[in-house]
Amino acid sequence: MNIGWLTLARLCLVNMAIGGLAALPVNLFNRLMTVELALPALLPGLLVALHYGVQMTRPIWGHRSDAKGGRTPFIIGGIAVVGLGVVLAAIGIKAGETSTPLALGIWFVAYCTIGIGVGAAGTSFLALLAVAAPAARKGAAATLAWLFLIAGAIMASIGTGIALEPYSPDRLITVVTVVSIVAFALSIIATFRVEAALGPAPLKQDTNFKAALRSVWADPSARRFTSFVFLSILAFYLSELIFEPFAGHVHGLGPEDSTKLSGGKDGAALMGMIAAGLLSTLGYGTLRFWAVTGCVISALGLLGLGGGFALIPSTVMLGLGNGLFVVGAVGSMMTLASNHERETGTRMGVFGAAQAIAAGLAGLVATGTLDIARAFMTDAAAYGTVFTLEAVLFLMAALMALQILDKRRETPALQPGE
C-alpha cells in the first residue's frame with residue numbers, strides 16, 4: 001500500500017531535519033574553526049571527510065531496519081544521534097578557545113557521531129520513502145526529498161545566524177541545542193503512523209548482515225547501479241569546493257559576487273529538480289531519461305566553464321543539469337531498492353555508502369588536481385582541466401545509465417537480476 005501526497009510531504013520533513021543539522025558542520029562550524037579559532041582550513045575539511053567516511057556504515061543500518069521490520073525507530077534515533085554530535089561539536093568550538101588538543105578530541109568524537117546518525121536516519125528514511133512512494137511518483141518523491149533537504153539547510157543556516165547575534169561560544173551551544181531539539185521534533189511529526197498507514201510490514205530479513213550484503217552484491221543490477229552511483233556522485237561533487245575559487249581566480253569576482261553566482265547555480269538546480277519531478281509525474285520522461293539528460297547537460301555546462309564561454313549561461317546550464325540528474329538518479333535508486341522489500345534498507349545502504357565515499361573523495365580529488373595543475377598552468381587552464389575531468393565523468397555516467405537503467409516507464413528503473 002502507498003500513501004498520498006500530503007503524507008509523502010510530511011515524511012520528507014525527516015530530510016529537512018537532516019539537512020538543517022548537517023549544514024551546521026559544513027558551513028557554520030567550518031567558518032568558526034578557520035576564522036574565530038584561526039585553525040588551518042584543512043582541519044574542517046578533514047572532519048567533514050571523516051563524517052562521510054563513517055557513513056560507510058549505511059549498509060549496516062539499512063540491514064538493521066530490514067531485520068527489525070521497521071524504519072521509524074532508526075530514523076528518530078538517528079536524528080537524535082546527529083543532534084547529539086552537532087551539540088558536541090559546538091562544545092568543541094568553546095573548548096578550542098583554551099585548548100586545541102581537547103577540541104580536536106571532542107570534534108573527532110562529534111563528527112563520527114554525526115556520520116553515524118546521518119547514516120542511520122538517512123538510509124532508513126530513503127528506504128521508507130522508496131516503499132511508500134508509488135512507482136509513478138518516484139521522481140516526484142526524490143524531488144520533494146531534495147527540496148526539503150535544501151530547505152532545511154537554508155532555514156537552519158539563516159535561523160542560526162540570526163539567533164547567534166551577538167556571537168559567543170555559550171550562545172552557540174544554546175542555539176545549536178535548540179536546533180537539534182527542533183530537528184528531533186520534526187522527525188517525530190514526519191514519521192508518525194506512516195508505517196502503520198502502509199499496512200502490514202513485509203517479512204523481516206532473517207539473514208545476518210554479511211549474508212544480506214552478499215545477497216545484494218550477488219545481484220548484477222545492484223552492482224552496476226552502485227558503480228553508477230559512485231561515478232555520477234563523484235562527478236556531481238567534483239566542482240563543489242572549487243567553483244567559487246574559480247569565479248575569483250579566473251573571473252575576478254569578489255566573495256559577495258561569487259556567492260551570488262553559486263546561489264544562482266543552486267537555484268537552477270532547484271528548477272531542474274522541480275521540472276523533472278513534475279514532468280515525470282505527468283508522464284513526460286522516464287527516470288532514465290532525466291538521469292541521462294542531466295548528466296549530459298551538466299557536462300556541457302562544465303565544458304562551457306572550462307572553455308571560457310559565458311560564465312552565467314554555463315553556470316545555469318550546470319545547475320539545471322545537476323537538478324535533472326538528481327531526480328533521475330535518486331528516483332531510480334528508490335525504485336531498485338523497493339523492488340526487494342525484504343532488502344530495501346540494505347540495498348539503500350549500499351547505494352548510500354557509495355554516495356558517501358564518492359562525495360568525500362570528490363573534494364580531495366578536485367583540490368589535489370587543481371593544486372598540481374596550477375603549478376604548471378595558468379589559473380584558467382588549471383580550472384579548465386578539473387572541469388573537463390568532471391565533464392568526462394558525467395558523460396561516462398550518462399553512457400552507463402543508458403546501459404543499466406530501464407527505459408520503460410511502467411517497469412522498475414532497473415530489472416533485478418539483469
Side-chain angles (χ1 to χ4, degrees), residues 26-27 30-31 34-35 40-49 52 150 230-272 293-326 329 355 357-399:
V26 174
N27 299 321
N30 181 3
R31 181 244 154 78
T34 55
V35 178
L42 180 62
L43 175 62
L46 290 173
L47 288 171
V48 171
Y52 275 124
I150 295 170
F230 178 82
L231 181 63
S232 60
I233 294 299
L234 181 64
F236 184 82
Y237 280 105
L238 209 59
S239 61
E240 195 75 6
L241 294 182
I242 68 168
F243 182 77
E244 288 202 42
F246 158 75
H249 283 144
V250 177
H251 292 275
L253 298 186
E256 66 284 355
D257 290 326
S258 67
T259 300
K260 291 177 184 175
L261 185 68
S262 183
K265 179 170 73 74
D266 293 339
L270 286 175
M271 289 174 58
T293 301
C295 286
V296 172
I297 292 178
S298 296
L300 292 176
L302 288 163
L303 292 174
L305 291 173
F309 290 90
L311 177 62
I312 293 179
S314 298
T315 299
V316 171
M317 183 175 291
L318 173 60
L320 182 65
N322 283 178
L324 298 176
F325 156 75
V326 163
Q355 178 180 331
I357 294 169
L361 183 62
L364 298 177
V365 171
T367 54
T369 303
L370 180 62
D371 285 342
I372 294 172
R374 290 184 71 195
F376 302 98
M377 306 176 182
T378 64
D379 282 344
Y383 280 101
T385 298
V386 179
F387 288 143
T388 300
L389 171 63
E390 187 176 2
V392 170
L393 291 176
F394 261 125
L395 292 175
M396 291 172 61
L399 290 174

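Along the sequence shown, the residues carry numbers beginning at 1.
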How far apart are the C-alpha atoms of Leu318 and Asn322, what are their side-chain angles, what is the distance that settles it, and do they pass the side-chain contact (heavy atoms from CB on, under 4.5 Å) test? CA-CA 6 Å; Leu318 173 60; Asn322 283 178; 3.8 Å; yes
Side chain proximity check, Ile150 to Asp266, heavy atoms < 4.5 angstrom: no
Interatomic distance, CG@Leu270 vs NZ@Lys265, rounded to 0.5 Å, equals 10.5 Å
Work out which heavy atom in Leu320 is nearest to a heavy atom in Gly272; give both atom names and the distance. CD1-CA, 3.6 Å
How close do Val386 and Leu238 get, heavy atom to heavy atom, and via which atoms? O-CD2, 4.4 Å
Closest heavy-atom pair and its distance - His251, Phe246: NE2-CZ, 3.4 Å
Enter the distance from Ile233:CD1 to Gln355:CD here, rounded to the nearest 0.5 Å. 4.5 Å
Could you grab the distance from atom CG of Leu364 to atom OG1 of Thr369, nearest 0.5 Å is fine? 10.0 Å
Taking side chain as C-beta onward, heavy atoms only, is Val316 less than 4.5 Å from Ile312? yes
Between atom CG of Leu302 and atom CD1 of Ile297, what is the distance when rounded to the nearest 0.5 Å? 12.0 Å
Using 0.5 Å steps for rounding, measure from the CG atom of Leu231 to the CZ atom of Phe394. 9.5 Å
Is there side-chain contact between Tyr383 and Pro245, with heavy atoms separated by less than 4.5 Å? yes
Quick one, Thr385 and Leu389 - any side-chain contact, counting heavy atoms below 4.5 Å? no
Could you give the distance from CZ (Phe309) to OG1 (Thr315), rounded to the nearest 0.5 Å? 13.5 Å
Closest heavy-atom pair and its distance - Ala382, Arg374: CB-CG, 3.5 Å
Please report the closest heavy-atom contact between Gly321 and Ser298, naming both atoms and the distance. C-OG, 3.0 Å
